There are 2 protein chains.
Amino acid sequence: MSGAAPGVDLSRFESSLGFLLRLSQQKIFARFFATLGPLDLTPGAFTILLALRDNPGLRQGVLANALMIKRANMAKIVRALVDRGLVSRHVPEDDRRAIELNLTPEGAAFVAAREGAFFAHDDESSPELTDNERETLLGLLRKLAGTQGETP
Amino acid sequence: MSGAAPGVDLSRFESSLGFLLRLSQQKIFARFFATLGPLDLTPGAFTILLALRDNPGLRQGVLANALMIKRANMAKIVRALVDRGLVSRHVPEDDRRAIELNLTPEGAAFVAAREGAFFAHDDESSPELTDNERETLLGLLRKLAGTQGETP
DNA sequence: TATTGTTATACTCTATAACTATA
DNA sequence: TATAGTTATAGAGTATAACAATA
């Protein structure tokens, strides 16, 4: 933490995964909003749209589980996306409790228009690291984050 | 993301630092609350107490800067800690705008009683990784997170 | 004028519990 | 009974703007 606020001893936290994850995420998110803030999308909502583009007809609960978002919260986000005309719902015949989600044509256009900027930003969001270090970090985070869904 | 929800294609996010950081932090925090929830401390508040133990008399704004917490939010957190009797304020002679923070004896006892459990938990919070991988991850996050304070 | 801290406010994210409708 | 989704609500966390006191 040598580059931190001078004169403040944070050495006790240098081995704390939780502390370093919070600081790192905050830094990345701050850059995200500074660069992509005017694009009319939050990281969370865009993640959902992108996941639906790659998984058309995905059920709401399965999506919530994959992204580690509680179903109660997913319901609210999806409602907002439906209200904006970006996502459509469909109740399948074989299980009328479930809801299948799809991008509307507007949603697909919305994603297509922004994903370039989104991923370009993401690629450039860690100038502190070399390309090799970035790849190593991504690999370790993938291993750490491997999801197993909601714990009720 | 092979261990994720089966049948959901999240490959588009496997190179997104922001996405993986969010998932990782969420996992680590969930474990934190599951294990240490009854200990009467949130990660944020405990971080502040620990930082004050290692940096007695630290000024509020400097602390906020070091921990990447906005001053407006730090004011609220500090007030709560003062109300709980864990932190004391002192206005220095040479700059009567500033506030120096210290742990009270109660605050010091509070930290001493909990830091063992806190760091023990942190050490065990990433069973997905080998010791070597964990060290590598910590090093990369340190490099990425090297703070530079609030951007006004 | 600039800085330190405070208040007020709002928005996002997260979590739980109680509800409905279907199975 | 159990599951899928919804609603209501509450709590952190974070952001900005306006303000008072001090420098």
Side-chain angles (χ1 to χ4, degrees), chain A residues 5 18-19 21-23 25-34 37 40-48 58-83 87 89-101 149-152, chain B residues 5 18-19 21-23 25-34 36-37 40-48 58-65 67-83 87 89-101 149-152:
Chain A
F19 179 77
L21 280 174
R22 171 185 157 269
L23 243 56
Q25 196 197 14
Q26 208 161 329
K27 190 169 227 176
I28 297 296
F29 267 56
R31 284 180 190 153
F32 179 92
F33 284 113
D40 216 22
L41 81 168
T42 64
F46 195 65
T47 302
I48 291 175
L58 198 59
R59 295 193 178 188
Q60 194 166 314
V62 177
L63 177 61
N65 226 279
L67 299 180
M68 285 184 69
I69 296 174
K70 289 270 186 293
R71 284 175 326 179
N73 299 321
M74 181 61 83
K76 197 166 61 168
I77 303 175
V78 166
R79 183 172 30 137
L81 291 174
V82 170
D83 287 349
V87 168
R89 304 186 225 227
H90 173 249
V91 175
E93 286 303 318
D94 60 314
D95 187 346
R96 311 240 325 277
R97 296 170 304 180
I99 294 188
E100 294 174 352
L101 300 176
E150 194 168 343
T151 24
Chain B
F19 178 77
L21 281 172
R22 170 183 159 270
L23 242 54
Q25 197 197 14
Q26 207 160 330
K27 190 168 225 177
I28 297 296
F29 268 54
R31 283 178 190 156
F32 179 93
F33 284 113
L36 302 179
D40 216 21
L41 82 167
T42 65
F46 195 66
T47 301
I48 290 174
L58 198 60
R59 296 191 179 188
Q60 194 166 315
V62 176
L63 177 61
N65 227 278
L67 299 181
M68 285 185 68
I69 295 174
K70 290 270 187 292
R71 285 174 322 170
N73 299 321
M74 181 60 83
K76 198 167 61 167
I77 301 175
V78 166
R79 184 170 31 135
L81 292 174
V82 169
D83 287 349
V87 167
R89 306 186 225 226
H90 174 249
V91 175
E93 287 300 319
D94 60 313
D95 186 346
R96 312 242 322 279
R97 295 171 304 182
I99 293 188
E100 294 174 354
L101 299 176
E150 194 167 344
T151 22

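Every value quoted in this text rests on a predicted model; they were computed, and no experiment measured them. Labels below follow one simple rule: chain letters A, B, ... track the order of the sequence lines, proteins then strands, and each chain is numbered from 1.
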Query raised in the report: To the nearest 0.5 Å, what is the distance between CG (B:L63) and OG1 (B:T47)?
Result: 10.0 Å
Query raised in the report: Counting only side-chain N and O atoms of B:K70, is one of them less than 4.0 Å from OP1 or OP2 of D:dT14?
Result: no
Query raised in the report: Heavy atoms, side chains only, cut-off 4.5 Å: are A:R59 and A:R97 in contact?
Result: no
Query raised in the report: Picking from D:dT6, D:dT14, C:dA15, which would you name as closest to the side chain of A:A75?
Result: D:dT6
Query raised in the report: Just to confirm, is there a sub-4.0 Å distance from OP1 or OP2 of C:dT6 to any side-chain nitrogen or oxygen of B:Q60?
Result: yes
Query raised in the report: Within this structure, what is the NZ-to-P distance between B:K27 and C:dC13, rounded to whole angstrom?
Result: 21 Å
Query - Value in whole Å for how far the C1' atom of C:dG5 lies from CG of B:N65 - result: 14 Å
Query - Worked verdict on B:L58 versus B:E100 for side-chain contact (heavy atoms from CB on, under 4.5 Å) - result: CA-CA 5 Å; B:L58 198 60; B:E100 294 174 354; over 6 Å; no
Query raised in the report: Mind checking what makes side-chain hydrogen bond (donor to acceptor under 3.5 Å, both in side chains) contact with A:N73, not counting sequence neighbours?
Result: none
Report summary line: Note: B:A98 and B:P92 closest approach over all heavy atoms is O-CD, 3.5 Å
Report summary line: Atom CZ of B:F46 and atom P of D:dA12 are separated, to the nearest Å, by 17 Å
**Report entry** End axis versus end axis in the helix from C:dT1-D:dA23 to C:dA23-D:dT1, the angle rounded to 10°, five pairs used at each terminus
**Finding:** 10°
Query raised in the report: Hey, is the side chain of A:R22 poking within less than 4.0 Å of OP1 or OP2 on C:dC13, counting only N and O atoms?
Result: no
Query raised in the report: What is the distance from CG of A:L67 to P of C:dA15, rounded to the nearest Å?
Result: 14 Å
Query raised in the report: Between atom CG in B:L101 and atom P in C:dT4, what is the gap in whole Å?
Result: 14 Å
Query - Atom-pair distance (CE on B:M74; P on D:dG13), nearest Å - result: 11 Å
Requested in this report: Please figure out whether A:A30 or A:R59 has its closest DNA chain D nucleotide nearer the 5' end.
Outcome: A:R59
Report summary line: Nucleotide by nucleotide, nucleotides 17-22 of chain C touches protein heavy atoms under 4.0 Å in the pattern (B base, S sugar-phosphate only, - none) B----B
Report summary line: Of B:K76 and B:G61, the one whose closest nucleotide on DNA chain C sits nearer the 5' end is B:G61
Report summary line: A:F29 and B:G18 have their tightest heavy-atom pair at CE1-O, 4.1 Å
Query raised in the report: In whole angstrom, what separates A:L23's CG from D:dG13's P?
Result: 14 Å
Query raised in the report: Do the non-hydrogen side-chain atoms of A:Q60 and A:R71 ever get within less than 4.5 Å of each other?
Result: no
Report summary line: On a heavy-atom basis, the closest approach of B:I48 and B:I77 is CD1-CG2, 3.5 Å
Query raised in the report: What is the distance from atom CE of B:M74 to atom CG of B:L101, rounded to the nearest 0.5 Å?
Result: 8.0 Å
Query raised in the report: So, A:Q25 side chain and B:Q25 main chain: donor-acceptor pair closer than 3.5 Å or not?
Result: no
Requested in this report: Measure from CD1 on B:I99 to P on C:dT3 and round the result to the nearest Å.
Outcome: 18 Å
Query raised in the report: Taking the side chain of B:R89 as heavy atoms from C-beta outward, which of C:dT7, C:dT14, C:dT6 is closest to it?
Result: C:dT6
